[in-house]
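A quick write-up on the structure given underneath.
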Amino acid sequence: MINNLMLLWDYPVTLVQLTLDGILLGAIFVLAAYGLALVWGVMNIINVAQGEFVMLGGFVTFYIYERLGLNPLWGIPASGVVMLFVGWTLYRIVIFRIVERDFFVSLLATFGLSILIQQFSNQVFGADIRTAEANLETLYLFDGLVAISWIKVVAFFAAITLGLILYFFMKKSKLGQAIRATAQNPRAAGILGIDTDRIYASTFAINAAICGIGGSLIAMTLIIHPFIGLSHTIRSFMIVVVAGLGNMLGVIFAGLGLGELEIYSGFILGAEYQNGVIFIALVVILVWRNFRLGRKRLYLK
Amino acid sequence: MKYPLLFYGGALVVILVAPFLLSAIVAQLAFMWVMIVLALSWDLIGGQMGYNSFGNIIFFGIGMYACAVVQRDSGLGYFTGLAAGIGLSIVIAMVAAAILGSSILRLRGHYFSIATLGLGVAAGEFASSWDYIGAGSGMVTPLYPGEIEDRNLFYYFLFAAMAAITHFFLKWLYSTRFGLSINAIRDDEDKAEAMGLHTTRYKITAWCICAFFLSIVGAGVGNINGFIDPRESAFAGPTFGVWMILMAILGGTGSLWGPVMGAVVFHITQELFWTYLLGWQRVALGILIVVIVIFFPTGIMGWLNQRWPELFGEVIDTQKRQSAKGDHG
């Protein structure tokens, strides 16, 4: 740990490398977090299976790359479309039963769903660690001291583009406006002729598609295996809690911050603690935010 | 219950005779008692106090590791080592519950649930990178001095005794002022506080009681398995961690017998899955979780209560019920 800190001191250019890595990583996390915030805000469900959608999207991309032999970049739209259908189907089978139920029911039901998807993938895809190689070049800065693979840059811009598309979709399109209306007041929206059940289905499907695209980017830049789901769920939840529900700009900054935290803690403490740090960070952030509210005799709601 | 002595006497006979009649499945029977303790202790927090914890498994894991470390490093004999190990695991687990609880139990609702979920997973991650307790390759607990059958029998009676102690202790606890206080916290925490209850103290005490039972059972499970894996057995969030919640819900939360029934039914189902669904048992468990949570949120006790309210001491006016039926029919 001390050695790694000394290394940072001796080679400050490593800071540039780590910071860039953190930003590029964080941008991908923002996608799943945005999906979580969407479902949470509109349907009042915390979807614990969020990370499993990410994982499934990653596997779609991986199979496009491995079985069809295409460039994995084609997996980005493909994962989105496949996961759109998966999300819609899951809503029609399971999720519509837990909308408007007690939060604990939805939490536990989606947790069961996450175990189901995770174990199913373990049986079907196998537990190996996979990655989809896009075969892009590496970008060298500072005389080759800082190396950024192009695929991370591409993933970063793909995430930004998707974020912008979603932003304008929610602001301008008819469906986006209906979704926002339902989030504000489902009863009033229903009275005004919005089919809330269909809106919920679309919201959940859109969420799954966003996660799928996020997963596709993760399959290209990092690794995927059937058990990555929970850590991505926790990341998304953490980002939304830090940002506050309904704060889109906050989600972006919180996501980038989480990317930095992960890269730096992974570098300083060692990669084996990286996962543990995420979960501890979640607990610390929740407790800290609640503590600050507690002084006003309030609590997190 | 009309004849409590008769009932408990009968239960005692069944407990004493069962391992000798069904000698082939003593280990599975022993795990049934473990499940009952897990479900009962979860229900203390989740059902009676309304704090739906996903992370109670950490006390189970702490107990497992603390006991194994004492057995490894103290140089005592098997049984004295086990006793000392259980003693230490109780202390560590309860201290951990008090320290963690003083900050985490201030969270409410889904924030509490998710924070405890994160805590459970984080504990597993750290246990699997800490060299002192064997890191990712886990620990081996000392060999039982004797036959495997004797070992299973010993732990069967240990766990059966633990289940009985847990049951009677909680039965007594729920009849005291403490029981009423944690029910008040479940029903409306703000009002409970306004009535002058020190809610945080009650919550921390309840979590410590929970940690007490879980750590003893955890220490025993580490020894009956003979091997501790940080993620698969000690901090097994996706298995034991969820099962304890599921068993309590299946039986009916907030009652004394619900978790017991839920644990028995769930354990038998789970063993059947493991035997007949090679490889797909965990998928089936996922489906089971979703189905139970969505379709039977009140559990077996809730169903019984609706079907035969008389059994629960509710006085039903037969005429009124008839007329009510007539109205709706």
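The sequence lines fix the lettering, A, B, ..., with proteins before strands; numbering per chain opens at 1.
Only the side chain of B:I249 comes within less than 4.5 Å of a heavy atom in chain A; its backbone stays farther off. Proximity to chain A (any heavy atom under 4.5 Å) is restricted, for B:I245, to the side chain, taken from C-beta onward. With a threshold of 4.5 angstrom between heavy atoms, A:F237 approaches chain B through side-chain atoms but not through N, CA, C or O. Looking at A:L230, the atoms closer than 4.5 Å to chain B (heavy atoms on both sides) all sit in the side chain, from C-beta outward. With a threshold of 4.5 angstrom between heavy atoms, B:F112 does not approach chain A through any atom at all. If you measure heavy-atom distances from B:Q281 to chain A, you find no contacts under 4.5 Å at all.
The nearest pair of heavy atoms linking B:A122 to A:G276 is CB-O, 4.2 Å. Closest approach of A:A109 to B:I294, counting heavy atoms only: CB-CG1, 4.2 Å.
For chain A, the option among B:V121, B:I292, B:I114 with the highest count of heavy-atom pairs below 4.5 Å is B:I114. Contact tally against chain A (heavy-atom pairs below 4.5 Å) for B:V290, B:L107, B:V242: the top residue is B:L107. Comparing B:G120, B:G109, B:A123, B:S129 by how many heavy-atom pairs each has under 4.5 Å with chain A, the most go to B:S129. The greatest number of non-hydrogen atom pairs below 4.5 Å with chain B, out of A:F111, A:F291, A:F120, A:F279, is found for A:F279.
Between B:H110 and A:F103, the angle of the ring planes goes over 60°, which puts this pair in the perpendicular group of the 30/60° scheme.
Remark: the backbone N or O of B:R106 is paired with a side-chain donor or acceptor of A:N290 at under 3.5 angstrom.
Distance CG/B:L246 to CG/A:L108: 6.5 Å, rounded to 0.5 Å.
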